[in-house]
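The block underneath contains the structure these notes are about, expressed in structure tokens.
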Amino acid sequence: MANYVFGVDIGGTTVKIGLFSTQGELLEKWEITTRTDDGGAFILSDIAKSIEDKIAERAISKDDVKGVGMGVPGPVKEDGTVIKCVNLGWGVFNAAEELSSIINLPVKVGNDANMAALGEYWQGGGKGYSNVIMVTLGTGVGGGIIINGKMLAGVNGAGGEIGHMTIDLDEQDVCNCGKKGCLEQYASATGIVRLANRALQTSDKPSKLREVKYISAKEIFDAAKSGDNLALELVEEHGKRLGYALANVAAVVDPEAFVIGGGVSRAGDILINATKKYFQEYAFHACRNTEFKLATLGNDAGMYGGAASIL
């Protein structure tokens, strides 16, 4: 029986790689540069070389490695076919087959948000549940759906793209995806800052946020925790938008738990409490007791998910 598995998380600037035991222990992690020149032509060979070097360094037999699981920042079909990763310069090709042919090990590839969800389900905030939806609140809003322990990729690899649910038909600003009124425009770190700047222009309420030159999501939540009324209103609006969206997701998927991760999740209970309050207001009655958990694996979630996808 193989004792090791590798988890890989490809980002726009670095690739995170982890060596795991098949029991789920992270034995070692490291990073290499993501070389996006020449359409990302060197990324897979760089990953293969780094893993081969680690196998040699630790004197591990390849027969003792179960495989490599990898998350990429874009849609991925169930067979490992990537449907364009703009940040990497990739078009459409089967990344799983290509990496496997280079490294001569089994390879599975999935969307990075889905892999992070699988990692949190396996060893993080979703551990102990079979049906979990992970929501990543960062620069954008990502999602991953785990049903009975399996990732839901969808036909086009777009399963879990909850950040691009339309939640406001009257929105005039355009989302990065080209649509208007996406959840990402309100619930992401950039989204709540956008709401704050809008509120500061249209309201004359006093707020310590007026003293900040470049507002961040952290400053908004910190101000709310200190009792700043305008910041508290922004947190309420954030919770209302996110809670409304997740109530609609729950009506379709009916998960046991939502796991909230990403940089914005560091706000902690104030974020969870506002979201849960509005979720329970909008949710179908059978779904109202869905649990809310904070993610625990941080930036390592994608590596854990990659390893879990092989296991």
Side-chain angles (χ1 to χ4, degrees), residues 1-74 76-82 85 87-90 93-124 127 144 149-151 153 296-311:
M1 291 290 288
N3 292 311
Y4 302 100
V5 61
F6 287 91
V8 179
D9 184 20
I10 304 179
T13 54
T14 61
V15 179
K16 300 179 183 69
I17 306 175
L19 172 64
F20 294 81
S21 73
T22 50
Q23 282 70 48
E25 181 186 358
L26 177 58
L27 303 173
E28 187 178 351
K29 64 178 179 177
W30 65 99
E31 295 183 1
I32 61 172
T33 300
T34 306
R35 288 203 285 163
T36 54
D37 41 322
D38 289 341
F42 307 109
I43 294 172
L44 294 183
S45 57
D46 286 351
I47 290 167
K49 183 180 185 307
S50 186
I51 289 173
E52 296 268 20
D53 288 348
K54 189 59 62 180
I55 288 171
E57 177 192 315
R58 285 187 165 248
I60 296 170
S61 164
K62 265 200 177 175
D63 292 337
D64 213 14
V65 178
K66 199 164 179 68
V68 179
M70 183 170 71
V72 302
V76 183
K77 290 191 173 186
E78 203 164 332
D79 67 352
T81 300
V82 172
C85 289
N87 292 346
L88 305 182
W90 286 356
F93 74 108
N94 194 306
E97 287 180 1
E98 185 159 326
L99 181 57
S100 184
S101 69
I102 299 170
I103 201 167
N104 197 28
L105 284 168
V107 174
K108 288 198 175 179
V109 178
N111 167 266
D112 55 359
N114 287 346
M115 286 298 197
L118 192 60
E120 290 288 347
Y121 153 79
W122 184 41
Q123 296 290 349
K127 190 171 184 178
K150 303 284 186 185
M151 268 194 309
T296 63
L297 299 177
N299 291 330
D300 293 344
M303 292 188 307
Y304 273 89
S309 73
I310 289 289
L311 298 173

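Along the sequence shown, residues carry numbers from 1.
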Query - Residues in side chain to side chain contact (heavy atoms under 4.5 Å, CB included) contact with Thr33, at least two apart in sequence or another chain - result: none
Query raised in the report: For Ile60, what residues pass the side chain to side chain contact (heavy atoms under 4.5 Å, CB included) criterion, not counting sequence neighbours?
Result: Tyr4, Leu19, Ile55, Arg58, Asp64, Val65
Report task. Report yes if the side chains of Ile310 and Val68 come closer than 4.5 Å at any heavy-atom pair, otherwise no. Result -> no
Query raised in the report: For atom NZ of Lys54, is the number of surrounding heavy atoms from other residues, nucleotides or ligands below 6.0 Å larger than 12?
Result: yes
**Report entry** Non-neighbouring partners of Ala153 that pass side chain to side chain contact (heavy atoms under 4.5 Å, CB included), sequence neighbours left out
**Finding:** none
Query - Residues forming a side chain to side chain donor-acceptor pair (under 3.5 Å) with Asn299, sequence neighbours excluded - result: none
Report task. Identify the heavy atoms of Cys85 and Val72 that sit nearest to each other, and give their distance. Result -> SG-CG2, 4.0 Å
Query raised in the report: Stepwise, does the side chain to side chain contact (heavy atoms under 4.5 Å, CB included) test hold for Lys62 with Glu52?
Result: CA-CA 9 Å; Lys62 265 200 177 175; Glu52 296 268 20; 3.0 Å; yes
Query raised in the report: Would you call Glu97 and Asp79 a side-chain contact if the rule is heavy atoms closer than 4.5 Å?
Result: no
Query raised in the report: What do you reckon, is NZ of Lys150 surrounded by more than 12 foreign heavy atoms closer than 6.0 Å?
Result: no
Report summary line: Shortest non-hydrogen pair, Ser309 vs Gly69, comes out as OG-CA, 3.7 Å
Query raised in the report: Would a 4.5 Å heavy-atom cut-off, applied to side chains only, mark Val8 and Val15 as touching?
Result: yes
Query - N/O donor-acceptor pair under 3.5 Å between Thr34 side chain and Thr14 backbone - result: yes
Query raised in the report: So with a 6.0 Å cut-off around CD of Glu78, is the heavy-atom count from everything else above 12?
Result: no
Report task. Could you please spell out the steps behind the side chain to side chain contact (heavy atoms under 4.5 Å, CB included) verdict for Trp90 and Leu44? Result -> CA-CA 11 Å; Trp90 286 356; Leu44 294 183; 3.9 Å; yes
Query raised in the report: Would you say Phe93 and Glu98 make side-chain contact, with heavy atoms under 4.5 Å?
Result: yes
For a quick test of your reading: what N or O donor-acceptor pairs under 3.5 Å do the side chains of residues 107-116 make, sequence neighbours left out?
residue	atom	partner	partner atom	Å
Asn111	OD1	Ala113	N	2.9
Asn111	OD1	Asn114	N	3.1
Asn111	ND2	Gly74	O	3.0

**Report entry** Main-chain N/O of Ala2 paired with Asp63 side-chain donor or acceptor, under 3.5 Å
**Finding:** no
Query raised in the report: Checking side chain to side chain contact (heavy atoms under 4.5 Å, CB included) for the pair Ile43/Leu88: CA distance, chi angles, key distance, verdict?
Result: CA-CA 9 Å; Ile43 294 172; Leu88 305 182; 4.0 Å; yes
Query - Minimum-distance pair of heavy atoms, taken over all atoms of Trp122 and Gln23 - result: CZ2-C, 4.5 Å
Query raised in the report: Should Met303 and Met70 count as side-chain neighbours, where that means a heavy-atom distance under 4.5 Å?
Result: no
**Report entry** Glu120 (side chain) donor-acceptor with Thr296 (main chain) under 3.5 angstrom
**Finding:** yes
Query - Main-chain N/O of Gly40 paired to Asp38 side chain as donor or acceptor, under 3.5 Å - result: no
Requested in this report: Give the minimum heavy-atom separation between Val82 and Ala95, together with the two atoms involved.
Outcome: CG2-CB, 3.7 Å
Query raised in the report: Hey, are the side chains of Lys16 and Lys29 touching, using non-hydrogen atoms and a 4.5 Å cut-off?
Result: no
Report task. Calculate, to the nearest 0.5 Å, the distance between atoms OG and CG belonging to Ser21 and Asn3 respectively. Result -> 8.5 Å
Query - Audit row: Leu311, Phe20, side chain to side chain contact (heavy atoms under 4.5 Å, CB included) steps and yes/no - result: CA-CA 11 Å; Leu311 298 173; Phe20 294 81; over 6 Å; no
Report summary line: Residue set satisfying side chain to side chain donor-acceptor pair (under 3.5 Å) with Ser50, at least two apart, ordered chain then number -> Trp30
